[in-house]
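Whatever order the structure lists ligands and atoms in, that order sets their numbers, starting from 1.
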Amino acid sequence: MTVRNNPFTKLELRHLEMLFDASKEGLWDMQPDGSVKFFNHNFYKDFEVNINASTLKEWQALIHPDDRASFSNNVSNQTLNGIENFVSEYRVRNRRGDFVWIEAKGVAKFDRQGKFQYMVGSHSNITNRKNAEAQIYHLAYHDQLTGLYNRAMLVKQLIYEKHDQMLYLNLSKFRTINDTYGYERANEVLRAFASILKVYFSEIGNVFRVDADEFAILLPAVVEDAKLKSQLGLVKEQFRLALYDLGTGMEIDINIGRAKYSELHETTEGSLRMLDEAKWAMLYGKKRGYDYCINYNEEIRQHTKRVLFMETGILNALQYNEFYMTYQPIVSLGSERVAMMESLMRWENAQYGMIAPDEFIPVAEKTRTIIKLGEFAIDSVCQTIREMLDNTDINIPISINISAIQLFDSSFYHYVLEALSKYSLSGDHIIFEITESVALDMTARTIEVIKRFRALGIKIALDDFGSGYSSLASILNIPFDFIKIDKAIIHKMVLDSEIKIFMGALMYLCHSKGLMVISEGIETAVMCDQVAELQTDYLQGFYYARPMKAAEAKRYLIENSANETSV
Ligand code: C2E
Ligand code: MG
Ligand code: MG
C-alpha cells in the first residue's frame, strides 16, 4: 500500500490485505492525480482493471455509457466542493461483457485549506438487489396479462408529468364475451387489443390497461386531430381483423373519450381530473351508443355532476324528504270510472329541481339504493291507502312499480308483509308493476317470487309491454294479472295499422289467458277510441289525468266517485 504516514508494518499490511480478500466487497484508494489502487483480488478480478496500479479513467471506461456522465459529475463535485461522504450506484462492465450494478461508498479527505487529499471507499455488487427492484417495479407498474402499463403507472405519470391529452377506451359488451366464450378467449381479445394500441400509439405516447376492459393513452406532446383520428381508425380496423382471426364471430365496439390539458390539471389534485374527464366522456358516448371519440366538454361536466350527485345523494335526499309519491288514475273502459291508480315517485331537489324517475331509478338500481327507495314507496302507498280507507269511502287498489333488484332482495318480502300489517291492509289493496326485462331474465325464479306475492293477494302487472323486450312467452309462462301496454306502442298504433292488428291479436290472447289489459299513455280521444275498439280493459294517460300528489289525487277520486268501481 502506498499509504500516507504508514503506521503499519509489512506483515500487518499483508494481514489486512488478506482480510480484504476474504470480504465480499472491493476496497479502493484514490489519489489526487487519479491513480487508483484496488484491494480484494477476488472482487476486482472480474473487471478489466490493473488491480495494483489502476486509474480513475480506467474504471470510468468500464462504466455503462448512460451512467458515466453522472459518475464523473459526482467525482468532481466531491473533490472540488469538499464533500466527505458519498454513496452512488452505477453499472460496470465485467470481463464477460455483462454490466453489473455497483454500489460505491466513499470517504474523501481534505486538508485545512479544503484541498482534496485522498479518497477511500468500497464497491459492492448490488445486481441481485437491482434486479429484484426492477422486477418489483415491473410488477407494480405493469399489467400482467397484456404487458401494458397499469393504472398505478397512469396515476404516477399524470401526477409527475404534463400531458397534452388523454384518451380513454372501453371495449363495449366485453363482459358478454367473457361469459359466452370463457376467460381464455376473452384474454386473447384483450392481448390482441393491447398490442394493436401499442403498434399505433407507443411512438407518440404511453398505453395503459386501466381496468378489465378499459384502456388509456397519454399523449405528452400535441398530436393533430387528423392524425389521431386516422390512428384510431386504424386501431378499429386492425381490431376488427384480429377478432376475425380469433374466429369467435364476436363484434366489439370501442367507446372512446378524450380530455385535453387545461389549467384545472395544473395542481397535484387536479392532475387526476384528466383521467376522470376522459372516462366521463367515454361513458357519455357509450351510453348514447356513439362509436367515435367524444371530447370532454361543459355538457358532459354538467351531466356527470348530476349523475354523481344522484349516485351519492339518494339516501340523504330520502332523509330530507325530497322524495314523494304521485298517483295517476287508471280508468275502466266504458264506465270511465277510476278503477285503480299507479303510484309514481318524484324527486324534488333544491339545486337540481325535479329529477325524473327515468333518470334516478336506473342510478338507484346501480347503487342498490333502490331497496330503500322501494321501501319508501311501499310505506307511502300503504299509508295513502289507509288514509283513504279511513277518511273516504274510496276503496281502490294502488299499483307500485317494483324494480328487479327489490323483487329478488331477500328482505323485500318481509318488508311488504310488515307494511301491510302496519297499516292493517290486505294484499289485494296493492298491485305490483314489474317491467318485462326482469321477467324475461329469470323466468323460473321470477315465477317462484311472483307466486309468493300472489299468495298474499297482491296482483301483478307486467309493465311496459312492447317497449323493446317484448316476449309473448313471458305472458304465457308467468302468472300475471295485468299486462300494461307501453305508451310508445300505443302512440305508434295510431299511425300504423299493422301495429293495431298486432295489438288486437295480443289483447285477444291476453283475454283468453284471463289477463286484463291496461293501455298506457292515452293522450287523445283518438288514442282512447282506438284502444277501446281493441277491447282494452283499462286506460291510463294524460287524457284522463296526470300523476298527482296524494291530496289532489284524493280530491280527484272523490269528484269522480271512485267507490262505484273496483278491480
Ligand atoms: P311506468 O311505470 O311505465 O310509468 C308510466 C310513465 O308514463 C310515468 O312516467 C307517467 O308519468 C307517464 N305517463 C302517464 N301517462 C302518460 C301520457 O299520457 N303520455 C306520456 N307521454 N306519458 C305518460 P314517470 O312518472 O316519469 O315514470 C317513469 C318510469 O319510472 C315509470 O314508468 C317506472 O318504470 C319508473 N318509476 C316511477 N316511479 C317508480 C317507483 O316508485 N319505483 C320504481 N322502481 N320505478 C318507478
Ligand atoms: Mg308502471
Ligand atoms: Mg309503463
Side-chain angles (χ1 to χ4, degrees), residues 310 314 317-318 322-331 338 340-348 353-384 397-409 412 415-416 419 430-439 459-470 480-494 517-528 530-531 536 538-550 552-553:
M310 286 193 277
I314 288 179
L318 253 181
E322 292 178 15
F323 289 98
Y324 60 89
M325 302 306 290
T326 60
Y327 301 89
Q328 188 179 29
I330 298 173
V331 305
V338 182
M340 51 189 145
M341 292 201 291
E342 176 175 10
S343 67
L344 292 157
M345 197 180 285
R346 296 290 175 260
W347 181 4
E348 198 173 345
M354 287 301 291
I355 305 174
D358 282 333
E359 220 182 332
F360 70 79
I361 296 286
V363 176
E365 286 176 338
K366 197 176 124 201
T367 56
R368 290 189 70 86
T369 45
I370 189 72
I371 306 270
K372 287 277 169 259
L373 282 187
E375 290 177 358
F376 167 78
I378 303 257
D379 196 82
S380 308
V381 170
C382 288
Q383 190 181 3
T384 300
I398 298 184
S399 70
I400 307 167
N401 290 284
I402 304 295
S403 136
I405 294 175
Q406 279 170 280
L407 196 64
F408 296 110
D409 183 65
F412 181 60
Y415 192 89
V416 173
I430 55 175
I431 299 167
F432 282 170
E433 295 194 11
I434 302 164
T435 48
E436 199 186 356
S437 55
V438 181
K459 291 201 170 67
I460 311 287
L462 171 62
D463 204 354
D464 302 335
F465 186 85
S467 65
Y469 294 99
S470 297
F480 292 113
D481 300 284
F482 302 99
I483 302 297
K484 295 191 79 173
I485 312 287
D486 190 59
K487 53 183 174 288
I489 216 169
I490 300 278
H491 293 185
K492 275 189 213 146
M493 187 182 77
V494 185
V517 178
I518 303 172
S519 298
E520 277 187 348
I522 305 297
E523 290 181 358
T524 60
V526 175
M527 286 183 192
C528 180
Q530 297 233 0
V531 290
T536 189
Y538 300 99
L539 306 94
Q540 176 184 3
F542 298 164
Y543 180 65
Y544 296 99
R546 287 184 177 258
M548 298 166 277
K549 287 188 176 176
E552 199 187 335

Can you tell me the protein heavy atom closest to [atom] and the distance?
atom	result
atom 44 (N) of ligand 1	Asn401 O, 3.5 Å
atom 38 (N) of ligand 1	Met345 N, 3.0 Å
atom 31 (C) of ligand 1	Leu344 CD2, 4.2 Å
atom 15 (N) of ligand 1	Gln328 NE2, 3.0 Å
atom 7 (O) of ligand 1	Lys487 NZ, 3.0 Å
atom 21 (N) of ligand 1	Glu523 OE2, 3.0 Å

Atom 30 (O) of ligand 1: of Gly541, Ser399, Pro357, the nearest heavy atom sits on Pro357
Between the candidates Phe542, Phe323, Phe360, Phe376, which shows the shortest non-hydrogen contact distance to atom 23 (C) of ligand 1?
Phe542
Hey, does [Y] have a side-chain heavy atom less than 4.5 Å from the side chain of [X]?
X	Y	value
Glu342	Asp463	yes
Met548	Tyr327	no
Asp464	Glu520	yes

I'd like to know: is the Mg ion (ligand 2) within the 2.8 Å range of an N/O/S atom from Asn401, strictly under that distance?
yes
Counting from 1 in the order shown, the ligand 1 atoms closer than 4.0 Å to a non-hydrogen atom of Glu520 are 3 (O)
Would you mind running through ligand 1 and noting each atom that sits below 4.0 Å from a heavy atom of Ser403?
44 (N)
Between Phe412 and Phe432, what is the ring plane arrangement, given parallel below 30°, perpendicular above 60°, and tilted in between?
tilted
Pairs of nitrogen or oxygen atoms closer than 3.5 Å, one from Ser343 and one from ligand 1: do any exist?
no
Under the 6.0 Å and 45° cation-pi test, does Lys549 pair with Tyr324?
yes
